[in-house]
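Below, chains carry the letters A, B, ... as their sequence lines are ordered, and counting in each starts from 1.
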Amino acid sequence: MDLEDTMAEKLTSQSVDFPRWYQEVVQRAQLAENSPVRGSMIIRPYGYALWEQMQSVLDGMFKETGHLNAYFPLLIPESFLRKEAEHIEGFSPELAIVTHAGGKKLEEPYVIRPTSETIIWDAFSNWIQSYRDLPLLINQWANVVRWEMRPRLFLRTTEFLWQEGHTAHATAEEAHEETIRMLGVYAQFAEEYMAIPVIQGVKTEREKFAGAVKTYSIEAMMGDGKALQAGTSHDLGQNFAKAFDVKYQSAEGTEEYVWATSWGVSTRLVGALVMAHGDDQGLVLPPRLAPIQTVIVPIYKGEEQRGVVLEACGRMEAALKDSGARTHLDDRDQFRPGYKFNEWELKGVPVRIEVGPRDLEKGEVVLAFRHNGEKKSLPIEQVTAQVMNVLEEAQKGLFEKALASREDRTYTVDSYDEFKERIDGGGFFLCHWDGTTETEEKIQNETKATIRNIPLEAPDDPGQCMVTGNPSARRVIISKGY
RNA sequence: CGGGGUGUGGCUCAGCUUGGUAGAGCGCCACGUUCGGGACGUGGAGGCCGGAGGUUCGAAUCCUCUCACCCCGACCA
């Protein structure tokens, strides 16, 4: 009873029950809620605004790197998926299939896209004839459906929104470069915009995308020390080109199969943001992505003060918007300031500006920072000049905090016994692994932890597999994951 | 698919054992007092108790069937 009473006001503490904290934050900050269809979520305006911020930045980065947006159909003939053997095998357990339409049974069932390689490569086979058509750099923003048994808002839902890039190249080298380049774009986005440090690396054979030659990922550490795959980039080799017979004529006149990549990030990134920075007060959003960067909370007693304070707030709102800050003035009269402070903290707004009669007398306002809880007074006329600076400081502070937190919880371990003892405490473990699927599965079965990836930047550091003692060229990241 | 559980105003739940006029807190609406860290008072709106059938003078409560959802074990951006 006590617990439920407090629940109405306070969030479950992260240290008590992190998953429950996550669930509560997502719903109470009005990012999303469960829908009547199990596994599907309703993304509410505040959550969608956050996704739109992400989309807008990423879309710019894709265009900057030469990609063009297009849109391919939601429904894919089932036979298309069957053309690439590994692809259909990997995806079949999570497919939703349309068998009836127009009041009758369909000749051929349509799969609701779980990803679009097949329908896109079918089109590419018509688009590509010559080396002059290459590289072909396409991106699409879309929804996909992958049937989920254990859904979690944003992290694992049956339907989710994402972006999928699909490219075709003349050579294996070019395709490989594209794969790595887009992985780098994701890493840059994660670090510079989401303020989340990530580790770029290769997935193991077992974890790679169904139909890929190699899968690369960026892995981020969440507030509880678990890993989250925040983006993937696949080197598809010629697998799809062969399955869909996509050949081009080279300058020398020979006929060659093209080389492919695909890469994607999804609304899972919203979950990553929540879990990487959030605290017991709620969300903590990085200024560059926050839908509201500064919120103005007026403080007043009585009608007379209300008029004066709101007028000052209105001027400040206009000035802040002019200087480029996404600003909201919370002029609701039915809530007191303390309530608003808590609500905007729950929603993760980076900077709160408190404007009361005492401040106005001194010609000042109070700035309160979400990421470190600090408050300071500032002369009114300096606010607009300084706001972008303080937001950038907050952005940087948030990244540094996340980086320090990850470094604190990254361990180099050589003994499997020690690993087994410590893995439940969370964190990234840098360990030697002999490269076999058997050992990988043994680790997962015995500890529930998985090899997240093999870092690209790992130095050569020969050693012995902590499980089998067999030789290992470099360390891999092992962690429990989402 | 195996094990456990829950369905009662928007939300969290009580009531069910032992049938007898549907309740509480929060939220919502109105008015007033408040307003520098989650305000208070007064009044008010809102529910065929998941669904179907049965027992009974009478069912949220007992019986049967059914549906849905949640939690725990095998895949995944």
Would you say [Y] and [X] are linked by a side-chain donor-acceptor pair, where the criterion is simply a distance under 3.5 Å?
| X | Y | answer |
| --- | --- | --- |
| A:Thr327 | A:Thr294 | yes |
| A:Gln140 | A:Ser116 | yes |
| A:Arg113 | A:Thr115 | no |
| A:Ser217 | A:Gln229 | no |

Can you tell me how far [atom2] of [N] sits from [atom1] of [X], to the nearest Å?
| X | N | atom1 | atom2 | result |
| --- | --- | --- | --- | --- |
| A:Phe335 | B:C40 | CZ | P | 13 Å |
| A:Met41 | B:A77 | CE | P | 15 Å |
| A:Arg152 | B:C69 | CZ | C1' | 18 Å |
| A:Arg150 | B:C71 | CZ | P | 7 Å |
| A:Gln305 | B:G36 | CD | C1' | 11 Å |
| A:Gln444 | B:G73 | CD | C1' | 14 Å |
| A:Leu360 | B:G36 | CG | P | 15 Å |
| A:Leu95 | B:C75 | CG | C1' | 12 Å |

Checklist entry - Mapping A:Thr158 and A:Asp333 to their closest nucleotides on RNA chain B, which lands nearer the 5' end? => result A:Asp333
Please give the nucleotide sitting opposite [N] as a Watson-Crick or G-U wobble pair, both distances under 3.5 Å, or none.
| N | answer |
| --- | --- |
| B:U42 | B:A30 |
| B:U61 | none |
| B:U17 | none |
| B:C1 | B:G73 |

Looking at every strand, decide which applies to [X] at a 4.0 Å heavy-atom threshold: base, sugar-phosphate, or nothing.
| X | value |
| --- | --- |
| A:Glu354 | base |
| A:Ser262 | nothing |
| A:Val366 | base |
| A:Pro357 | base |
| A:Gly302 | base |
| A:Glu148 | base |
| A:Leu269 | nothing |

Checklist entry - Quick one: is B:C76 close enough that its OP1 or OP2 comes under 4.0 Å of any side-chain N or O from A:Lys208? => result no
Next on the checklist: I want to check one thing: is the phosphate of B:A39, taken as OP1 and OP2, less than 4.0 Å away from some side-chain N or O of A:Arg336?
Outcome noted: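 Indeed, a polar side-chain atom of A:Arg336 lies that close.
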If you go through the side-chain atoms of [X], does one of them form a donor-acceptor pair with the base of [N] closer than 3.5 Å?
| X | N | value |
| --- | --- | --- |
| A:Arg352 | B:G37 | yes |
| A:Lys375 | B:G37 | yes |
| A:Glu343 | B:G38 | no |

Checklist entry - Going by heavy atoms in the side chains, are A:Gln27 and A:Asn34 under 4.5 Å from each other? => result yes
What distance, rounded to whole Å, do you find between the two [atom1] atoms, one in [N] and one in [M]?
| N | M | atom1 | result |
| --- | --- | --- | --- |
| B:G51 | B:A39 | C1' | 43 Å |
| B:G23 | B:G46 | P | 13 Å |
| B:U18 | B:G9 | P | 26 Å |
| B:C28 | B:G10 | C1' | 8 Å |
| B:A59 | B:G19 | C1' | 6 Å |
| B:G44 | B:G54 | P | 40 Å |
| B:A60 | B:U8 | P | 15 Å |
| B:G50 | B:C11 | P | 13 Å |

Checklist entry - Taking the inter-plane angle between the rings of A:Tyr193 and A:Phe189 on a 0 to 90° scale, is it parallel (under 30°), tilted (30 to 60°) or perpendicular (over 60°)? => result parallel
Next on the checklist: So if I take every side-chain heavy atom of A:Glu94 and compare against B:G37, B:G36, B:C76, which nucleotide ends up nearest?
Outcome noted: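 Nearest to the side chain of A:Glu94 among the choices is B:C76.
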Checklist outcome for this item: Against the side chain of A:Arg38, the closest entry in B:G37, B:C69, B:A74 is B:C69
Checklist entry - Under the 5.5 Å and 30° test, is A:Tyr339 stacked on the base of B:A39? => result no
Checklist entry - What do the steps show when you test A:His87 against A:Trp121 for ring pair (Phe, Tyr, Trp, His ring centres under 6.0 Å), and what is the final call? => result CA-CA 13 Å; A:His87 194 63; A:Trp121 278 85; over 10 Å; no
Checklist entry - Of A:Thr261, A:Thr215, A:Asn239, which is the lone residue that meets side-chain hydrogen bond (donor to acceptor under 3.5 Å, both in side chains) with A:His234? => result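 Of A:Thr261, A:Thr215, A:Asn239, side-chain hydrogen bond (donor to acceptor under 3.5 Å, both in side chains) with A:His234 is met by A:Thr215 alone.
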